[in-house]
J.: 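Structure below; questions to follow.
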Amino acid sequence: MAEDKALTARSEDFSAWYNEVVQRAELAGYSPVRGCMVIRPHGYAIWELMQAALDRMFKETGHQNAYFPLFIPQSFLQREAEHVEGFAPETALVTHGGGKQLEEPLVVRPTSEAIIWPIMADWIQSYRDLPMLINQWANVVRWEMRTRPFLRTLEFLWQEGHTAHATEEDAEAETLLILGIYRKFMEEWMAMPPLTGVKTEWDRFAGAVRTYACEALMQDNWALQAGTSHNLGQNFARAFDVKYQTEEGEHEYVWSTSWGVSTRLLGGLVMTHGDDLGLVLPPRLAPIQLVIVPIWKSDRQRTEVLEASARLKSQLEGNVRVRLDDRDTLNPGAKYYEWEGKGVPIRVEIGPNDVEKGQVTVVRRFAGEAKLRKRVIAASEAPVSLAKLLEEMQQELLDAAIRRREEHSYRGVTDYEEFKKIIASVGGFIYTGYCGAKECETRVKDDTKATVRLIPNEDFASESYPERCICGRKAVQEVVWARAY
RNA sequence: CGGGACGUGGCGCAGUCCGGUAGCGCGCCUGAAUGGGGUUCAGGAGGUCGCGGGUUCGAAUCCCGCCGUCCCGACCA
């Protein structure tokens with residue numbers, strides 16, 4: 001009976017496990033529209049916590065939120081040659097409105113550069129208007145062939161930053177600032193430590209001069225591109241005629257950037273921390289950080305236990321997002337499974353025994369060692385020590401994720417046979433020298449499905465890298481390979 | 001768009017070969033007992049079997065057409 005309710009093990013079928021966790025944790029559901037998902041309250045609550053944290057970081061660095069239209073005149077998208085080439089194949093097009101055919105079809109935004117720049121062009125007159133630092137929270141649509149909840153859906157939620165600067169250096173600094181914010185957010189909030197670096201030229205955002213990315217390693221040792229920050233140079237400024245007047249009275253094109261993270265991060269969260277019982281949430285992103293499960297038999301015990309539970313709840317409120325599960329239609333075991341599946345970091349059990357002894361039973365959602373999972377503490381110290389425990393657990397998740405990433409990182413690989421063996425067996429991030437040729441990557445991809453994820457930046461680059469590419473030619477740079485979502 | 005499979009209560013499936021008007025598990029509702037790891041018993045609600053046409057006395061089942069979904073590729077935050 002219990003077996004029927006268990007999730008598919010990660011080791012058995014990671015994809016099946018992922019889909020089941022998304023359902024079990026009530027993060028998202030399927031919809032009548034192919035490839036579109038419904039984000040359920042628990043999933044959306046996590047997204048709101050992510051938004052709040054990121055939004056604060058953006059504002060602390062001088063960015064402002066605005067909102068631009070969902071629809072883009074088709075001709076606008078076509079103004080930047082590479083941009084249209086990159087996005088046109090995957091756009092949805094509105095051809096009719098109000099029962100009539102439109103004079104010009106409207107593209108449902110796949111990203112907003114093509115509608116934002118014509119508008120921002122009017123906002124920018126002088127060097128005094130720069131930098132212009134704008135962010136929007138929005139939905140976008142990309143007509144993907146194969147979809148998976150959170151990881152790839154036709155419609156998804158994201159934030160997209162769009163900034164304009166007076167100089168190339170300022171734009172580059174902005175691009176890197178945001179890359180740093182993304183990394184910090186992923187580490188400190190998601191406990192999902194990414195590699196950061198630069199994309200190869202053919203893997204850049206359509207229309208960008210340079211694309212920086214965060215790549216995180218999932219538990220199946222596939223990489224997930226979790227955030228990108230693009231230096232657009234003057235490409236979009238030229239395409240949309242975005243000029244400003246300099247101090248000297250000259251007219252110059254602005255230098256711009258764009259950057260985004262999406263609800264894909266939720267998929268990353270699942271695949272970074274989840275286990276065979278379900279979702280595991282880092283405390284800082286847990287909508288419910290602590291659930292109190294009261295246990296009783298007689299009516300008198302019920303009263304006592306609920307009293308003690310309510311007391312603890314009120315002591316924690318304000319510091320901890322706490323929920324008292326006093327439903328009397330489920331027995332305690334059923335509640336344990338439900339909250340574990342949803343990833344709640346701490347469960348506190350309060351039963352007649354605990355009340356009598358002035359204690360509570362604390363059960364962690366995860367622990368390095370099984371014996372640490374469950375323990376008893378005095379009720380009087382619970383408010384302080386439980387808040388502290390949440391912080392410790394946040395740190396433990398990050399430490400474990402970094403350890404896992406490093407255990408599955410292979411540096412200085414030169415032999416292609418060895419490369420293939422790593423990919424075919426465990427997989428992970430493989431650091432090699434690289435000749436820089438696209439054909440080289442194509443061959444590796446055909447052989448192994450692995451691709452160049454990025455050229456690591458200084459925080460991740462090896463002290464030195466091999467002289468030879470895995471294809472045997474002279475290496476001109478170090479790159480990191482992995483199979484990717 | 002190429003290769004494979006599948007559409008039957010909310011979810012997962014059986015029944016289809018060999019036509020006779022639908023069944024199981026989970027979930028849901030009611031009641032009682034139970035309650036420290038998915039509790040049990042009793043009662044109950046819920047399906048024009050993806051859509052359209054055909055064969056037949058009779059179609060979930062056979063035939064034709066269409067639509068949709070999922071998996072493997074190509075594409076991708």
Side-chain angles (χ1 to χ4, degrees), chain A residues 1-7 13 15-16 19-20 23-24 26 29-36 85-91 109-111 138-160 182 199 203-206 211 213-216 223-230 258-268 277-278 293-299 301-302 305 325-341 347-357 359-361 363 373-374 376 442 445-446 449 451 484-485:
Chain A
M1 184 72 86
E3 282 77 4
D4 294 334
K5 297 181 175 179
L7 296 169
D13 183 343
S15 288
N19 289 331
E20 289 169 20
Q23 301 302 321
R24 173 73 58 98
E26 296 181 354
Y30 297 99
S31 80
V33 184
R34 180 191 80 86
C36 292
E85 195 185 328
F87 283 105
E90 56 182 60
T91 56
R109 63 183 167 215
T111 177
N139 56 340
V140 288
V141 168
R142 298 182 186 177
W143 216 261
E144 304 291 350
M145 302 312 286
R146 284 195 59 204
T147 60
R148 298 189 63 191
F150 295 115
L151 301 175
R152 188 168 302 105
T153 45
L154 291 202
E155 178 191 13
F156 57 94
L157 306 185
W158 75 346
Q159 58 70 217
E160 48 180 326
Y182 285 163
K199 287 287 182 183
D203 211 13
R204 285 195 298 242
F205 176 75
T211 287
C214 294
E215 293 275 342
L224 182 74
Q225 182 170 304
T228 47
S229 182
H230 316 289
S258 70
W259 28 274
V261 294
S262 72
T263 38
R264 173 180 256 200
L265 290 176
L266 280 156
L277 292 174
V293 178
I295 298 155
W296 66 82
K297 290 183 185 164
S298 67
D299 279 350
Q301 289 173 335
R302 182 173 191 269
V305 158
D325 187 354
D326 56 3
R327 289 176 293 178
D328 60 6
T329 50
L330 293 178
N331 72 7
K335 295 179 183 178
Y336 300 166
Y337 277 91
E338 178 172 330
W339 296 115
E340 281 168 355
R347 173 177 83 237
V348 173
E349 304 171 7
I350 300 180
N353 258 336
D354 299 305
V355 171
E356 190 184 321
K357 295 179 186 163
Q359 65 184 33
V360 298
T361 301
V363 185
R373 214 170 95 83
K374 190 166 187 168
V376 169
T442 305
K445 187 178 182 183
D446 289 345
K449 292 186 188 167
T451 51
Y485 278 96

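Protein chains get the first letters and strands the later ones, always in sequence-line order, with residue 1 at the start of each. The figures here come from the full heavy-atom set of this structure, side chains too, leaving out hydrogens, waters and symmetry mates.
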J.: P atom, U55(B) versus U61(B): distance in rounded Å?
T.: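 Per the computed distance, 15 Å lies between those P atoms.
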J.: Mind listing the closest non-hydrogen atom pair of Val140(A) and Pro110(A) along with its distance?
T.: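 Closest approach of Val140(A) to Pro110(A): CB-O, 3.8 Å.
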J.: By the 4.0 Å heavy-atom rule, please label Pro89(A) as base, sugar-phosphate, or nothing.
T.: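 Nothing, no heavy atom under 4.0 Å.
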J.: Using a cut-off of 6.0 Å, state whether more than 12 heavy atoms not belonging to Asp446(A) lie near its atom CG.
T.: yes
J.: So if I take every side-chain heavy atom of Arg142(A) and compare against G36(B), A77(B), G35(B), which nucleotide ends up nearest?
T.: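 Nearest to the side-chain atoms of Arg142(A), counting from C-beta on, is A77(B).
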J.: Quick one: Phe150(A) CZ to A77(B) P, roughly how many Å, whole number?
T.: 19 Å
J.: Between C66(B) and C75(B), how many Å separate the two C1' atoms, rounded to a whole number?
T.: 28 Å
J.: Of all the heavy-atom pairs spanning Ile295(A) and Pro332(A), show the shortest one and how long it is.
T.: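 Closest pair (atom of Ile295(A), atom of Pro332(A), distance): CG1-CG, 3.8 Å.
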J.: What nucleotide, of G37(B), G36(B), A77(B), holds the atom closest to the side chain of Val363(A)?
T.: G37(B)
J.: So what does Leu330(A) touch, heavy atoms closer than 4.0 Å: a base, only the sugar-phosphate, or nothing?
T.: base
J.: Under a 3.5 Å limit for both distances, which nucleotide forms a Watson-Crick or G-U wobble pair with U61(B), could you say?
T.: none
J.: Applying side-chain contact (heavy atoms from CB on, under 4.5 Å), run through Arg373(A) and Val363(A) and close with a yes or a no.
T.: CA-CA 6 Å; Arg373(A) 214 170 95 83; Val363(A) 185; 3.9 Å; yes
J.: For A22(B) and U69(B), measure between their P atoms and round to the nearest Å.
T.: 30 Å
J.: Does any N or O donor sit under 3.5 Å from an N or O acceptor when you compare the side chain of Gln301(A) with the base of G35(B)?
T.: no
J.: Please compare Pro352(A) and Tyr485(A) by the position of their nearest nucleotide in RNA chain B and report the one closer to 5'.
T.: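 Looking at RNA chain B, the more 5' nearest nucleotide goes with Pro352(A).
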J.: C6(B) pairs with which nucleotide, Watson-Crick or G-U wobble, both distances below 3.5 Å?
T.: G68(B)
J.: So what does Gly351(A) touch, heavy atoms closer than 4.0 Å: a base, only the sugar-phosphate, or nothing?
T.: base
J.: Expressed in whole Å, how much space separates the C1' atoms belonging to G52(B) and A59(B)?
T.: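 These two C1' atoms come out 15 Å apart once rounded.
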J.: Is any side-chain N or O of Arg302(A) under 3.5 Å from a base N or O of G35(B), one able to act as donor and the other as acceptor?
T.: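 In this structure, the two groups form no donor-acceptor pair.
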J.: Mind checking whether Glu144(A) and Thr153(A) have side chains closer than 4.5 Å, heavy atoms only?
T.: no
J.: Among G36(B), G37(B), U39(B), find the nucleotide with the atom closest to the side chain of Ala334(A).
T.: U39(B)
J.: Where the side chain of Arg24(A) is concerned, which of G36(B), G38(B), A77(B) is the nearest nucleotide?
T.: G38(B)
J.: Does U48(B) pair with anything, Watson-Crick or G-U wobble, both distances under 3.5 Å, and if so, with which nucleotide?
T.: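 Its partner: none found.
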J.: With no hydrogens and no angle check, just 3.5 Å: does a side-chain donor-acceptor pair link His230(A) and Ser258(A)?
T.: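 Distance-only check fails for His230(A) and Ser258(A).
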J.: Distance check: side-chain N/O of Lys445(A) vs OP1/OP2 of C75(B), anything under 4.0 Å?
T.: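 True: Lys445(A) side-chain N/O within range (under 4.0 Å) of C75(B) OP1/OP2.
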J.: For C24(B), give the paired nucleotide (Watson-Crick: N1-N3 plus N6-O4 or O6-N4; G-U: N1-O2 and O6-N3; both under 3.5 Å), or none.
T.: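 Base partner found: G12(B).
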J.: Could you please name the option among A77(B), G37(B), G35(B) that lies closest to any side-chain atom of Lys374(A)?
T.: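 Among A77(B), G37(B), G35(B), the one nearest the side chain of Lys374(A) is G37(B).
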J.: Between G25(B) and C17(B), how far apart are the P atoms? Round to whole Å, please.
T.: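 About 25 Å, rounded to a whole number of Å.
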J.: For Gln23(A) and G10(B), what is the distance between atoms CD and P respectively, to the nearest whole Å?
T.: 16 Å
J.: Go through the steps for Arg327(A) and Glu338(A) under the test salt bridge (charged side-chain N to carboxylate O under 4.0 Å, His left out), then give the verdict.
T.: CA-CA 12 Å; Arg327(A) 289 176 293 178; Glu338(A) 178 172 330; 3.3 Å; yes
J.: Counting side-chain heavy atoms from CB outward, which of G35(B), U39(B), A77(B) is closest to Asn331(A)?
T.: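 Of G35(B), U39(B), A77(B), U39(B) is nearest to the side chain of Asn331(A).
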J.: With rounding to the closest Å, how many angstrom separate the P atoms on C70(B) and U8(B)?
T.: 14 Å
J.: Over all strands shown, is Thr153(A) touching base, sugar-phosphate only, or nothing at heavy-atom distances under 4.0 angstrom?
T.: base
J.: By a 5.5 angstrom centroid cut-off and a 30 degree plane limit, is there stacking between Phe156(A) and A77(B)?
T.: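 So yes, this residue stacks on that base, both cut-offs being met.
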J.: Step by step, work out the side-chain contact (heavy atoms from CB on, under 4.5 Å) result for Val355(A) and Ile350(A).
T.: CA-CA 7 Å; Val355(A) 171; Ile350(A) 300 180; 3.9 Å; yes
J.: Could you give the distance separating U40(B) and U34(B) at their C1' atoms, to the nearest angstrom?
T.: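 About 7 Å, rounded to a whole number of Å.
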J.: Could you give the CD-to-P distance, from Glu20(A) to C26(B), as a whole number of Å?
T.: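 Result: 18 Å.
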J.: So is the aromatic ring of Tyr337(A) stacked onto the base of G38(B), judging by whether the centres are under 5.5 Å apart and the planes are under 30° apart?
T.: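 Base of G38(B): stacked against Tyr337(A).
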J.: Students often get this wrong, so: under 4.0 angstrom with heavy atoms, is Glu340(A) touching a base, only sugar-phosphate, or nothing?
T.: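 Base, at least one base heavy atom under 4.0 Å.
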J.: Tell me what Arg148(A) touches on the nucleic acid: a base, only sugar-phosphate, or nothing, going by heavy atoms under 4.0 Å.
T.: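 It contacts nothing in the nucleic acid.
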J.: Does Lys297(A) have a side-chain nitrogen or oxygen under 4.0 Å from the phosphate oxygens OP1 or OP2 of G36(B)?
T.: no
J.: Could you tell me the separation between the CD atom of Glu26(A) and the P atom of G27(B), rounded to a whole number of Å?
T.: 14 Å
J.: Taking any strand in view, what nucleotide pairs with G73(B) in a Watson-Crick or G-U wobble way, both distances under 3.5 Å?
T.: C1(B)
J.: From G36(B), A77(B), U39(B), pick the nucleotide closest to the side chain of Pro332(A)?
T.: G36(B)
J.: Can you measure Trp339(A) atom CH2 to G37(B) atom C1' for me and round it to whole angstrom units?
T.: 16 Å
J.: If you look at every heavy atom in Pro294(A) and Asp325(A), which pair is closest and at what distance?
T.: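 Pro294(A) and Asp325(A) have their closest heavy atoms at CD-O, 3.1 Å.
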J.: Please work out if Glu144(A) contacts a base, only the sugar-phosphate, or nothing of the nucleic acid, heavy-atom cut-off 4.0 Å.
T.: base
J.: Rounded to whole angstrom units, what separation is found between the CD atom of Glu349(A) and the C1' atom of G35(B)?
T.: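 After rounding, the reported distance stands at 12 Å.
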J.: Closest-nucleotide mapping onto RNA chain B: is Thr361(A) or Ala484(A) further toward the 5' terminus? I mean the 5' end.
T.: Thr361(A)
J.: When we call it a touch if two heavy atoms are under 4.0 Å apart, what does Ser262(A) touch: a base, just sugar-phosphate, or nothing?
T.: base
J.: Suppose we define a pair by two distances each less than 3.5 Å, Watson-Crick or G-U wobble; what does G43(B) pair with here?
T.: C29(B)
J.: Rounded to whole Å, how long is the line connecting atom CG of Asn19(A) with atom P of G12(B)?
T.: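 Those two atoms, CG and P, are 12 Å apart.
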J.: May I ask you to say what Arg373(A) touches in the nucleic acid, namely base, sugar-phosphate or nothing, with a heavy-atom cut-off under 4.0 Å?
T.: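 Here Arg373(A) touches the bases of the nucleic acid.
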J.: Name the closest nucleotide to the Asp354(A) side chain, picking from A77(B), G73(B), G36(B).
T.: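 Among A77(B), G73(B), G36(B), the one nearest the side chain of Asp354(A) is G36(B).
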J.: Using atom C1' in both nucleotides, what's the gap between U48(B) and G9(B) to the nearest angstrom?
T.: 13 Å
J.: Which residues pass the ring-ring contact (aromatic ring centres under 6.0 Å, His included) test with Trp158(A), not counting sequence neighbours?
T.: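 Checked Trp158(A) against ring-ring contact (aromatic ring centres under 6.0 Å, His included); matches are Phe156(A).
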J.: CZ of Arg204(A) versus C1' of A77(B): gap in Å, rounded?
T.: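 From Arg204(A) CZ to A77(B) C1': 18 Å.
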